[in-house]
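Notes for the one structure printed next.
In listed order, ligands and their atoms are each counted from 1. What you see below is based on every heavy atom in this structure, not just the backbone, and it leaves out hydrogens, waters and symmetry mates. These numbers come from a predicted model, not from an experiment.
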Amino acid sequence: MSSSLLKEWKLKNKGESPEKAISKAPENAVFPLSRSQQRLWFLQQLHPNSSVYNYAEIYTFSGPISKQDLVKGLQAVFQENDILKTKYLLEEGMVVQLVDENSVLEIKEYDFSGYDENTQNQKKEDVFARDTRTAFDLTKAPLVRMSVLKISKSTHILLVTMHHILTDKWSMGLFREQLAKKYSQSIKGEILNEKSDIQYTDYAYWQKENGIRTDMIAYWMEKLSGTIPELDLPVDHPSTIHHTFNGDSHIQHFSEELSKKMLSLAKELEVTPYVFFLSAFYVLLYKYSGQEDILVGSPISNRNEPILQKMIGFFDETIVLRSEISPSMSFREFVREVNKTAMEAFSNKEAPFDLLVKKLSPDRVLGRNPFFRSMFIYHSVPETPSFGNDVELTHSFYDNKVSKFDLTLYVAEENGLLYASFEYATDLFEKRTIERIQEHLKILLEKIVDDPNQHISNLDTTTEWEKDFFFSDNSRQSGPYDGFNGIHDIIFKNSIEHGEAIAVSFGDEGITYHELKNKAEAIARRILKHTKGNKQIVGLCANRSVDMIVGLMAILKAGCAYMPIDPEYPKERIHFMLEDSETKVIVTQEVLKPVFKSYTEKIVVLNEEECQSAEEASNFDFPSVDRNDLAYVIYTSGSTGKPKGVPISHGNIIGSTQGRLEFYDENPSVFLLMSSIAFDSSKAGIFWTLCTGGKLLVSEKHLEQDIDKIGNIIEKQGISHTLMLPSLYGLLLEHVDVSQLRSLKTVIVAGEACLPSIARKHFETLSEANLYNEYGPTEGTVWCIAHKVQMEDVTSNIPIGKAVADSQVFLLDKNLKPVPYGASGEIYLGGPGLALKYLNNPSLTKEAYIESPFEENAMLYRTGDLGKFDKHGNILFLGRADQQVKIRGYRIELDEIERTINESGLLKRGVVTVENSNLEVGLDDLLMDPQKLSLYLENNLGEDEIEELLNSIANLKEDEKEFLLNQIK
Ligand code: AMP
Ligand code: MG
């Protein structure tokens with residue numbers, strides 16, 4: 001953290017602090033561990049053999065360095081800092097630190113200068129690995145390892161490894177400074193004794209004497225109250241309980257110009273670079289997550305007193321920085337807020353993190369910090385001290401490829417140049433994703449520098465390639481159905497081309513295309529008697545049969561739109577639909593007639609004897625339709641009794657169907673139609689098959705409830721194509737002899753998310769068939785995004801794919817701006833497949849449709865679904881933004897049900913949820929992996945688990961166990 005901020009805070013608190021200054025502890029004092037140290041000690045006890053808390057830095061000297069004086073310098077630094085000679089013991093139920101005056105610093109020297117480069121590197125790595133990956137025993141001093149490697153006459157490497165309990169990043173800067181000084185003294189012939197009176201032990205003693213300030217605890221209890229939102233990062237692999245904490249990092253250096261601009265803007269805004277970059281990080285996280293309440297962790301160095309700033313030791317504390325981001329704020333205003341938050345947090349930083357976890361007991365997920373998943377660090381790299389004019393020193397820290405958090409932004413300034421490095425969990429992120437986050441960070445910083453008065457919502461991070469990708473126009477120029485205005489015209493054309501082919505079959509019954517046309521026209525003429533040629537909505541209520549399809553075609557032929565009514569719908573729903581759509585004419589079957597009797601007289605009964613002459617029939621003029629005329633209306637959603645009508649035009653369904661000819665490898669020869677015609681998913685089978693001359697096989701009612709029967713039908717009828725819910729397909733593969741399914745060429749799953757396990761099963765058992773995932777709300781005319789599932793997809797979320805059938809698909813945030821590539825956004829749809837409104841419902845229309853921010857006179861439909869782009873440019877479905885769920889294919893809005901229940905007055909308050917089996921997590925898994933466990937515990941100190949753990953650690957002595965337990969109680 002920045003020292004100037006610290007100063008600022010100190011000035012602010014001047015005179016208020018009741019704390020005594022640090023002084024020498026009494027002669028015979030027993031020295032406790034500092035609070036930060038206690039945590040590390042504790043974690044090390046749990047896994048004595050783990051090296052996670054080893055801290056290593058590599059110094060490379062180029063030029064003429066005197067190895068002898070370097071060694072002398074190191075010994076002198078060792079002598080002057082008690083902390084380097086300290087060991088940690090459990091004595092009478094308390095952990096104490098003891099400076100072991102007898103401890104000896106062993107400096108290992110290696111000469112690799114005689115080897116070739118490859119061998120040198122190998123040997124170097126061996127030393128590094130040995131030093132850094134060997135655990136320290138905290139009861140034995142020193143907890144320091146030094147190795148000096150001669151690489152060539154002019155190149156030497158110093159590897160310094162310490163246990164974290166005695167050092168931190170700041171300390172390493174002090175270490176370098178002291179080393180340079182002692183080195184130069186040694187060269188000059190005399191090393192001076194400059195040992196400070198006050199040592200780390202005095203600090204630890206002083207800290208304990210001062211106790212914990214209750215006002216600080218109170219501050220955090222307030223600040224961290226309420227729900228702690230989980231940061232929604234753009235992960236490539238959803239987190240599982242199997243955290244390995246494997247990590248990697250990715251660095252980007254900013255140009256001198258940008259660095260300068262950023263630093264001077266920070267100055268102008270009167271904040272430290274720490275606050276400036278923290279604010280930018282918040283905005284970046286906001287852009288990615290859409291969340292307005294964001295918690296970020298930040299390690300800070302707890303060196304309040306000037307004397308501590310010169311002291312080597314472990315002073316790290318973690319603070320939680322919680323900020324509200326309001327998109328309508330300018331960056332300038334936001335920075336001020338963040339500054340305030342940071343100042344408050346710093347001035348309350350001495351509240352131990354683990355105590356807060358205990359007090360607040362937030363929801364915890366195994367292996368995760370309970371407050372934040374993301375970390376921010378700003379570091380101003382101290383100037384490298386000089387080891388003589390001709391010697392160049394570079395230093396780096398040894399990357400042990402661990403990422404304690406999901407994503408850590410580390411910004412550093414070195415000689416006026418800035419760089420940003422992301423440390424990320426490789427379990428969650430792929431490298432390319434982090435590279436993109438870096439690109440977005442850079443654009444964001446450039447935008448901020450350009451105009452800090454911009455509203456956060458307007459700080460656009462879209463890159464050039466994203467613009468091309470998000471807004472590419474893939475609409476079709478022409479297609480085979482261009483010359484047609486009505487979907488039925490395309491189908492009836494087949495009565496000429498394949499007149500004798502079977503169009504529709506049900507059970508033993510089947511009709512040819514020719515018959516379909518004749519029958520449909522005959523009924524159309526009867527419909528027209530009621531409609532008088534007016535284009536209107538006609539209800540279609542039929543049990544599953546050939547007639548059901550005939551009736552549908554008849555309504556279209558009469559120039560009307562059909563409104564499918566499932567005969568199994570409750571009476572109230574049927575009445576609601578009829579009223580809402582103002583439907584006056586019904587096409588139905590004799591048995592269902594009574595349902596409508598009370599409602600209308602205008603009923604056309606299917607399959608009634610015709611009494612028209614052939615001549616009359618052939619001369620009949622049917623109304624012609626145009627593309628804007630409605631083809632059908634589907635009532636969807638709102639299971640509480642208020643469904644809404646989605647009106648689909650001929651243009652919509654023609655475009656939707658034409659898209660299939662482009663997307664699919666093969667048209668259906670025999671399509672098994674299982675869904676109810678009241679679902680829009682049925683349109684895929686009906687129109688695709690009939691437009692392309694295939695056979696539409698209508699299954700009997702509730703076929704989906706008899707898996708064996710589905711298998712039999714597929715086998716017997718030689719089904720080539722079908723569409724069903726993925727869950728049903730999973731059952732089919734599970735329970736049916738797959739040899740029965742061999743005729744299947746194309747299986748489409750749609751309507752709900754396809755689980756990887758189902759896709760896997762598909763490739764294991766029926767890989768010769770193609771599996772497709774179709775996505776689309778009714779409002780988007782059956783489908784708008786689709787994907788041919790690939791074998792390599794099965795390991796994670798199965799994509800829904802790319803836009804199809806001329807659809808436009810956008811992933812937008814709440815401000816209707818495209819989310820950064822890879823982030824989760826709400827799916828918005830546009831293009832010719834879109835129904836432009838709800839029937840007779842302007843208010844619902846207004847809720848769900850918006851004017852396109854990207855195109856004049858165009859509408860977008862807000863699906864309420866969340867999605868993100870994967871690395872192949874496919875969209876992944878991420879669930880709902882609202883409470884809508886799908887149960888066996890039905891759209892159900894939980895909040896609507898909840899409202900209805902609560903309005904009924906029968907209950908005090910009801911909550912509606914869908915029962916899902918939840919993951920039960922145990923500790924067994926963690927126990928297997930010491931590194932994982934200690935990181936987990938560092939983030940989640942919970943009594944029960946720890947007690948359980950302690951009991952399971954065999955080599956722990958009774959008194960140690962007791963002490964540990966007391967620590968957490
Ligand atoms: P419907 O209007 O009945 O077609 O339902 C549309 C909704 O079903 C979408 O908004 C999604 O929530 C869900 N849905 C449809 N297809 C898929 C799919 N392939 N994967 C995941 N969810 C889907
Ligand atoms: Mg659908």
Just let me know how Asp680 lines up against ligand 1, side chain, backbone, both or neither, with a heavy-atom cut-off below 4.0 Å. side chain
Per-atom contacts of ligand 1 with Asn773, taking only distances under 4.0 Å to non-hydrogen atoms: 19 (N)
For a side-chain contact (heavy atoms from CB on, under 4.5 Å) check, start with the C-alpha distance between Asp665 and Tyr772, then their side-chain angles and the critical distance, and finish with the verdict. CA-CA 11 Å; Asp665 297 332; Tyr772 299 86; 3.0 Å; yes
Between Phe877 and ligand 1, find which residue part has any heavy-atom pair under 4.0 Å and reply side chain, backbone, both or neither. side chain
Minimum heavy-atom distance Ser656-Thr781, with the two atoms named: OG-O, 3.1 Å
Ile800 contact mode with ligand 1 (heavy-atom cut-off under 4.0 Å): side chain
Minimum side-chain heavy-atom gap Leu811-Tyr821 below 4.5 Å: no
Note, Phe484 side chain near His650 side chain (heavy atom, < 4.5 Å): no
Side-chain contact, heavy-atom cut-off 4.5 Å: Leu732 with Val747? no
Under 3.5 Å: N/O of Thr636 near N/O of ligand 1: no
Where ligand 1 meets Thr778 - atom numbers and elements under 4.0 angstrom, heavy-atom basis: 1 (P), 2 (O), 3 (O), 4 (O)
Find all atoms of ligand 1 within a distance of less than 4.0 Å from any non-hydrogen atom belonging to Glu774, and give their numbers and elements. 16 (N), 17 (C), 18 (C), 19 (N)
Note: ligand 1 atoms sitting under 4.0 Å from heavy atoms of Arg880 are 10 (O), 12 (O)
Using distance alone, with no hydrogens and no angle criterion, decide if Arg544 and Ser699 have a side-chain donor and acceptor under 3.5 Å apart. yes
Short N or O distance, Pro777 and ligand 1, threshold 3.5 Å exclusive: no
Below the 3.5 angstrom mark, is there an N/O of Asp865, backbone or side chain, next to an N/O of ligand 1? yes
Does any non-hydrogen side-chain atom of Tyr569 lie less than 4.5 Å from one of Val595? no
Hey, does Glu779 come in under 3.5 Å of ligand 1, counting only N/O atoms on both sides? no
Could you say whether the N/O atoms of Val749 and ligand 1 ever approach to under 3.5 Å? no
Test item: side-chain donor near acceptor, Glu779 and Tyr861, under 3.5 Å: yes
Could you tell me whether the side chain of His702 reaches within less than 4.5 Å of the side chain of Glu568, counting heavy atoms only? yes
Interfacing atoms of ligand 1 (cut-off 4.0 Å, heavy-atom, Gly776): 4 (O), 6 (C), 16 (N)
